[in-house]
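First the structure, in the form of structure tokens, and then the observations on it.
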Amino acid sequence: NSSNVPKPPGKITRALALLARSMPEVAPESAMDRGHALVASLAETWNSMRSVCLELDDAAWTTPTACPGWDVHDNVAHILGIEQMLEGDALPEVALADELEHVKNDFGRINEMWVESYRSVSHAELMSAFDSVTKRRLDRFGALDAAGFVAPSWTPQGEGTVLDLL
């Protein structure tokens with residue numbers, strides 16, 4: 001029951017508000033313009049996350065969230081893992097229980113593998129890995145031309161384009 005989950009500390013609540021504001025509606029005239037605007041928003045979002053995370057103390061990092069069994073550290077690991085997967089990094093080899101009540105499908109199991117792989121690292125190591133993968137992602141997106149932004153891509157909603165993913 002998510003009503004039993006403590007509300008996040010003020011820093012986390014403020015971070016979520018910042019993240020929501022960093023994804024403005026964009027109405028550009030071309031795929032290239034739209035792509036660059038979305039990449040700029042993504043960079044701002046990741047920088048906001050980074051800034052907030054660097055201010056967290058151990059108690060904040062271990063605050064439970066509405067995601068069953070996940071704390072703040074796990075949520076950052078989840079975002080990191082998704083970006084690593086999208087970069088083509090190999091899925092970590094970790095042992096998971098056969099049945100995890102909150103895991104509903106194969107993609108959920110993949111998410112859980114990434115999260116589990118980062119549970120034993122320090123918050124500083126987690127943020128170092130986050131910095132590394134987000135730099136790789138931004139470099140990749142920054143090198144795209146208009147055709148690259150409209151190229152087919154996996155998205156959480158199914159097949160789409162890189163613009164849809166962004």
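Using a 4.5 Å heavy-atom threshold, the side chains of W70 and P64 count as separate. At a threshold of 4.5 Å between non-hydrogen side-chain atoms, the residues M113 and L91 count as touching. Counting heavy atoms from C-beta outward, F141 and V162 have side chains that approach closer than 4.5 Å. Counting heavy atoms from C-beta outward, L126 and F130 have side chains that stay 4.5 Å or more apart. Two residues are said to be in side-chain contact when any heavy atoms from C-beta on lie closer than 4.5 Å; T65 and V72 meet this criterion.
Counting only residues at least two apart or on different chains, the salt bridge (charged side-chain N to carboxylate O under 4.0 Å, His left out) pairs with a member in residues 63-79 are D74-R119. Counting only residues at least two apart or in different chains, salt bridge (charged side-chain N to carboxylate O under 4.0 Å, His left out) contacts with residues 143-166 are absent.
Hydrophobic cluster membership differs between V115 and I79, with clusters built from Ile, Leu, Val, Met, Phe, Trp and Tyr side chains linked at under 4.5 angstrom.
Judged by distance alone, the side chain of H73 and the main-chain N or O of Y118 form a donor-acceptor pair under 3.5 Å. Remark: the backbone N or O of S122 is paired with a side-chain donor or acceptor of E125 at under 3.5 angstrom. Judged by distance alone, with hydrogens and angles left aside, the side-chain atoms of N47 form a donor-acceptor pair with the main-chain N or O of A43 at under 3.5 Å. In terms of modelled atom types and a separation under 3.5 Å, the side chain of T62 and the main chain of D58 share a donor-acceptor contact.
With sequence neighbours excluded, no residue satisfies ring pair (Phe, Tyr, Trp, His ring centres under 6.0 Å) with W114. Looking at residues two or more places apart in sequence or on another chain, you find a side-chain hydrogen bond (donor to acceptor under 3.5 Å, both in side chains) between E87 and R137, R140. The salt bridge (charged side-chain N to carboxylate O under 4.0 Å, His left out) search around D139 returns K135, not counting sequence neighbours.
Here the CG-CE distance, from L54 to M49, works out to 11.0 Å after rounding to the nearest 0.5 Å. N111 CG to I82 CD1: the interatomic distance, rounded to the nearest 0.5 Å, is 4.0 Å. Atom OG1 of T134 and atom CG of L42 lie 8.5 Å apart (nearest 0.5 Å). Remark: L80 CG to M127 CE distance equals 9.0 Å, nearest 0.5 Å. Q84 CD to S132 OG: the interatomic distance, rounded to the nearest 0.5 Å, is 8.0 Å. To the nearest 0.5 Å, atom CG of residue L165 and atom CG of residue L86 are 5.5 Å apart.
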Considering only distance and modelled atom types, tabulate donor-acceptor pairs under 3.5 Å from the side chains of residues 146-156, sequence neighbours left out.
| residue | atom | partner | partner atom | Å |
| --- | --- | --- | --- | --- |
| T155 | OG1 | Q157 | N | 3.2 |
| T155 | OG1 | G158 | N | 3.3 |
| T155 | OG1 | G158 | O | 2.5 |

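Salt-bridge formation is not detected for the pair R136/D131: no Lys NZ or Arg NE/NH1/NH2 atom is positioned less than 4.0 Å from an Asp or Glu carboxylate oxygen.
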